[in-house]
Amino acid sequence: MRKVGIFALILLICIQTAQALTINVQGDCVVGHKITISTDKPALIILRMNDGTPIYANTTANFTPYISGNLSIEAIAGSERAFKVVEIRESTTSPYESGGLGGRYYLPSGTTTVTLEDGSNTAINWRTALGVLIKASRDLGFDVKVRSWSYGLFVDCIGGICTNALGKSSGWMYQVNGKTPMVSADQYNLNAGDEVIWFFSRSMSETPESSPYKIKIDVHNDWSFDVYVNPSFPWSVTSAEQSATPTPTPKSKTNEKNVSVVGKTLRCVFYGNVTIKVNVTKIPMIIKAESSKPVEMEISDVKPKGLLFNGIYATPLDCFNLSVNKTVKVEIAFTIHRENLTELNATPKDVFLASYHNHWMYIPTNYTENETYYTFTANVTNFSLFAIVVKWNNFPLNASDPAIVKALNWLKNQQRPDGGWGSLSNTSWVVMAIASANQNPLNWTKNGKSPLDYFKANLNESSVAKMGTSDFARTILALISLNQNPYNFNGINFVKLLKERVKEDGQIGDYIYTTIWGILALKACGENVSKSVEWLKAHQNPDGGFAWTVNAESDFDDTASAIQALIAGGVSRDDPTIVKALNYLKKGQCEDGGMRYFGNSSSNADSDAWTIQALVSACINPTNWKTSKSVVEHLLSLQAEDGHFKYTKYVTSIPIKVTADSIMALLGKPHPIKLLSKAVKVQTTTKVTPNATKVASSTSTTAGIRSSKVKSSIVKPAKRVTATTKKVYGFEAILVVLALLFVVFYRRL
């Protein structure tokens with residue numbers, strides 16, 4: 001019994017240790033209703049509605065969705081992560097009949113300040129007929145204009161419908177519980193449970209039932225309230241950032257309205273036909289929509305960061321988020337100057353609207369033209385993140401293209417009987433190239449040995465002790481290409497070893513180039529690299545380039561790799577650091593179209609490859625970088641008849657690595673190719689080989705990496721830790737330890 005008790009105690013401790021971070025969701029998952037998201041321990045919460053812009057909160061988040069779809073919830077607490085997806089449904093009833101707009105709101109006690117049309121301010125009580133209208137307008141985003149007259153305060157406009165809009169005697173009136181009070185709305189004090197109706201009267205005989213425009217506000221016993229609007233109301237509602245709301249013209253047969261917004265976001269609620277001029281984006285747009293029910297629409301300008309456009313081979317001209325809370329058909333129209341397309345070597349047939357739903361999809365456009373502009377239109381019914389893009393037609397190459405097939409076949413013929421390519425460095429580059437061609441490196445075998453067998457045989461305590469910072473980075477990215485866990489390979493935690501090289505100021509290792517590749521490797525594992533990114537930005541030379549070490553002259557290879565690291569680390573492509581680096585990089589192009597490493601050196605294949613990858617990461621078509629030839633044409637010109645790539649047109653040097661680099665570049669795969677699932681990061685219970693943490697500072701095996709940088713690749717995503725399964729990676733290891741402890745206790749007892 002004593003044995004059983006001790007075993008049970010150990011098991012209980014391990015099970016408690018293995019409890020995963022849990023996400024709790026409370027509330028109706030319905031459009032317009034508040035949802036409360038919490039975690040069972042302090043954690044960062046990240047919310048994304050339909051893969052849109054992330055919203056961050058700590059431990060508890062109150063969120064009110066205004067569109068239907070999927071709400072993704074991710075929680076991070078140290079090394080633990082949890083993930084849950086909640087479906088947000090639309091209300092099944094009409095907003096005017098029973099649902100209200102945007103859910104239930106609360107009418108506080110006390111007073112608020114209202115700005116009158118003459119610019120003066122006055123205080124009103126919240127719990128009055130005017131106060132509840134003002135509160136509803138602020139919660140829902142429509143405008144209310146109030147002016148003073150001899151009897152008190154007078155409501156002149158609601159939602160852009162103003163006095164005299166439908167005749168000389170037309171204007172806004174209100175009723176409470178079916179009766180018309182004979183006092184101004186600011187003087188009528190409400191009771192909990194009152195019903196307030198604002199309606200637009202065209203004559204003395206007008207009633208709420210006959211009025212074309214009306215708003216009903218039900219105040220409940222707890223002073224919460226719902227808002228109901230009749231479907232004929234021609235909403236023209238904007239955000240608080242708008243400087244002025246234009247008055248619509250009721251006589252217009254098309255019910256057309258123009259909205260001009262100051263700021264980065266435009267919000268509107270509309271019925272019927274609507275035409276909205278959008279000026280919050282870089283490229284002005286006209287959005288047309290039609291609905292018989294109230295529709296909430298939000299358009300916001302987006303400044304994309306990092307790897308957002310990874311996998312899309314097009315030049316983005318603009319990026320914006322469009323969300324609509326109903327299923328409606330929306331037409332988006334935008335105009336592009338003819339000269340802009342000429343500069344990109346593109347035609348109007350290359351212009352698309354791209355939509356992001358876990359991956360980018362092209363939406364075809366129609367266009368008309370005149371002597372100066374092309375005007376494009378596209379129809380959309382699903383809403384999320386959009387980009388106006390100019391698609392590349394001549395880049396990248398496909399894995400089936402003869403140049404790639406020949407290069408891969410040449411590499412296959414160079415594989416050795418042990419499964420590798422002569423060294424850890426060569427083998428790392430090759431497996432990345434194989435994965436970039438969407439092939440599984442494990443299927444490449446020689447005498448039954450794969451690259452994985454080679455790594456298992458050669459990555460051990462002895463070899464790790466000789467590795468430097470850049471070796472750890474390259475190894476991590478190679479392991480990702482092999483779909484192996486860099487947190488525990490052969491009992492070695494390579495991520496931990498690399499993180500031990502991160503200094504207090506963010507520098508990784510002792511050089512700029514080691515920081516560059518450290519950023520790429522750690523980012524590929526989902527680690528936080530923000531401090532290292534800031535350190536790298538701070539060490540850009542005045543000429544815009546980056547050097548291999550601090551206080552050295554800029555060179556083009558390290559500049560190209562720094563661009564990739566910064567963008568992978570979250571820096572926007574139009575950030576001044578990236579713009580300056582690209583301007584410097586352009587100076588490295590030779591007359592033959594190729595890129596040089598530094599100074600006046602000759603063009604070479606490796607510099608071509610790093611430049612192409614940098615340009616792709618910055619969404620620049622490398623075929624447009626031309627002198628007599630483009631950088632892509634020059635790189636292709638260096639391929640030998642047997643398939644390998646020469647370093648220069650005169651010299652064949654380190655052909656295995658150069659060929660691997662060229663394959664990745666021509667396939668349009670910048671570093672890192674694909675992020676490793678962040679779920680791997682929770683594997684913190686892994687035992688690390690004791691001697692593996694005592695690594696010498698030697699960089700004896702890093703000689704080739706500064707001019708031959710590191711590459712990530714496509715991997716099969718690992719399963720994510722979810723709040724529902726409570727799975728903890730590494731739990732199997734805990735059970736093994738538990739079994740060993742049990743044996744020890746058993747022998748002692």
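Residues satisfying the side chain to side chain donor-acceptor pair (under 3.5 Å) criterion with Thr335, sequence neighbours excluded, are Thr375. Residues satisfying the side chain to side chain donor-acceptor pair (under 3.5 Å) criterion with Arg147, sequence neighbours excluded, are absent altogether. Applying the ring pair (Phe, Tyr, Trp, His ring centres under 6.0 Å) criterion to Phe320, with sequence neighbours excluded, gives Phe386. For Asp574, the side chain to side chain contact (heavy atoms under 4.5 Å, CB included) partners are Lys282, Lys303, Ser572, not counting sequence neighbours. With sequence neighbours left out, Ser530 forms a side chain to side chain donor-acceptor pair (under 3.5 Å) with Asn528. Scanning for salt bridge (Lys or Arg N to Asp or Glu O under 4.0 Å) contacts around Asp194 gives an empty result, with sequence neighbours left out. Not counting sequence neighbours, the partners of Glu195 by the side chain to side chain contact (heavy atoms under 4.5 Å, CB included) test are Asn177, Ile197, Lys216, Asp218. With sequence neighbours excluded, the residues that form a side chain to side chain contact (heavy atoms under 4.5 Å, CB included) with Arg138 are Thr112, Val114, Trp126, Ile134. Every residue meeting the side chain to side chain contact (heavy atoms under 4.5 Å, CB included) condition with Thr128, not counting sequence neighbours, appears here in chain and number order: Asn125, Leu130, Asn189. Residues satisfying the side chain to side chain donor-acceptor pair (under 3.5 Å) criterion with Gln175, sequence neighbours excluded, are Thr180. Residues passing the ring pair (Phe, Tyr, Trp, His ring centres under 6.0 Å) test with Tyr188, sequence neighbours excluded: none. Taking the ring pair (Phe, Tyr, Trp, His ring centres under 6.0 Å) definition, one finds that Trp223 meets it with nothing, sequence neighbours left out.
Side chains of Glu331 and Ile287 form no contact here, defined as non-hydrogen atoms less than 4.5 Å apart. Counting only heavy atoms from C-beta outward, the side chains of Cys268 and Ile276 approach each other to under 4.5 Å. Counting heavy atoms from C-beta outward, Val144 and Val155 have side chains that approach closer than 4.5 Å. Inter-residue side-chain proximity for Ile158 and Leu133 is flagged as met; some heavy-atom pair is nearer than 4.5 Å. Side-chain atoms of Asn325 and Val295, non-hydrogen and from C-beta on, do get closer than 4.5 Å to each other. In this structure, the side chains of Val86 and Ile88 come closer than 4.5 Å at one or more pairs of heavy atoms. You'll find the side chain of Ser72 reaches within 4.5 Å of the side chain of Phe83, heavy atoms only.
Gln26 places no side-chain N or O within 3.5 Å of a backbone atom of Thr36 that could act as its donor or acceptor partner. Side chain of Thr163 to backbone of Asp156: a donor-acceptor contact under 3.5 angstrom is found. Judged by distance alone, the side chain of Asp40 and the main-chain N or O of Thr22 form a donor-acceptor pair under 3.5 Å. No donor-acceptor distance shorter than 3.5 angstrom exists from the side chain of Arg573 to the backbone of Ile578, with no hydrogens or angles considered. Of the possible polar contacts, one joining the Lys135 side chain to the Tyr106 backbone as a donor-acceptor pair under 3.5 Å is found. Side-chain N or O atoms of Thr113 include none that pairs as donor or acceptor with a backbone N or O of Thr122 at under 3.5 Å. A side-chain donor-acceptor contact under 3.5 Å links Lys84 to the backbone of Ile23. No donor-acceptor pair closer than 3.5 Å links the side chain of Ser38 to the backbone N or O of Ala61.
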TODO: List the steps, then state whether side chain to side chain contact (heavy atoms under 4.5 Å, CB included) holds for Met297 with Leu266.
DONE: CA-CA 8 Å; Met297 179 183 294; Leu266 180 151; 5.9 Å; no
TODO: Begin with the C-alpha distance, continue with both residues' side-chain angles, and end with the deciding distance and a verdict on side chain to side chain donor-acceptor pair (under 3.5 Å) for Ser170 and Asn164.
DONE: CA-CA 5 Å; Ser170 62; Asn164 300 327; 4.8 Å; no
Open item on the list: With salt bridge (Lys or Arg N to Asp or Glu O under 4.0 Å) as the criterion, how do Glu290 and Lys329 come out once you've worked through the C-alpha distance, each side chain's angles and the decisive distance to 0.1 Å?
Closed with: CA-CA 7 Å; Glu290 179 181 359; Lys329 183 178 180 180; over 6 Å; no
Task: Stepwise side chain to side chain contact (heavy atoms under 4.5 Å, CB included) test for Val533 and Lys523 - done: CA-CA 10 Å; Val533 166; Lys523 185 63 180 179; over 6 Å; no
TODO: Mind running side chain to side chain contact (heavy atoms under 4.5 Å, CB included) on Leu385 and Cys319 for me, showing each step along the way?
DONE: CA-CA 7 Å; Leu385 186 68; Cys319 190; 3.9 Å; yes
Open item on the list: Could you go through Tyr374 and Val351, starting from their C-alpha distance and side-chain angles, then the distance that decides it, and tell me whether this counts as side chain to side chain contact (heavy atoms under 4.5 Å, CB included)?
Closed with: CA-CA 10 Å; Tyr374 294 105; Val351 176; over 6 Å; no
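Shortest non-hydrogen contact noted between Pro208 and Lys214 is O-CD, 2.9 Å. Heavy-atom minimum distance, Asn279 versus Pro284: OD1-CB, 3.8 Å. Across all non-hydrogen atoms, the minimal contact from Phe383 to Thr381 is CE1-O, 3.1 Å. The heavy-atom pair separating Ile283 from Leu317 by the smallest distance is CD1-CB, 3.8 Å. Scanning all heavy atoms of the two residues, the minimum distance from Ala378 to Pro364 falls at CB-O, 3.8 Å. Across every non-hydrogen atom of Glu206 and Ser211, the tightest pair is OE2-N, 3.3 Å.
A salt bridge is absent between Glu296 and Arg267; no separation between the charged side-chain nitrogens and carboxylate oxygens falls under 4.0 Å.
By the neighbour-count criterion of 12 heavy atoms within 6.0 Å, atom OH of Tyr373 is sparsely surrounded, having that number or fewer from other residues, nucleotides or ligands.
The line from CD1 of Ile124 to CD of Gln187 is 12.0 Å long, rounded to the nearest 0.5 Å. Here the OH atom belonging to Tyr213 is positioned 5.0 Å from the CG atom belonging to Leu166, to the nearest 0.5 angstrom. Within the model, atoms OH of Tyr362 and OG1 of Thr365 stand 12.5 Å from one another, a figure rounded to the nearest 0.5 Å. The distance from the OG1 atom of Thr39 to the CG atom of Leu21 is 5.5 Å, given to the nearest 0.5 Å. Taking OG1 of Thr60 as the start and CG of Asn24 as the end, the distance is 9.5 Å to the nearest 0.5 Å. With rounding to the nearest 0.5 angstrom, the CD atom of Glu74 is 5.0 Å from the CD1 atom of Ile76.
None of Val389, Asn379, Ile332, Thr377 except one satisfies the side-chain contact (heavy atoms from CB on, under 4.5 Å) rule with Leu353; the exception is Ile332. Partner Trp172 forms a ring-ring contact (aromatic ring centres under 6.0 Å, His included) with one of Phe199, Trp198, Phe200 and no other, that one being Phe200.
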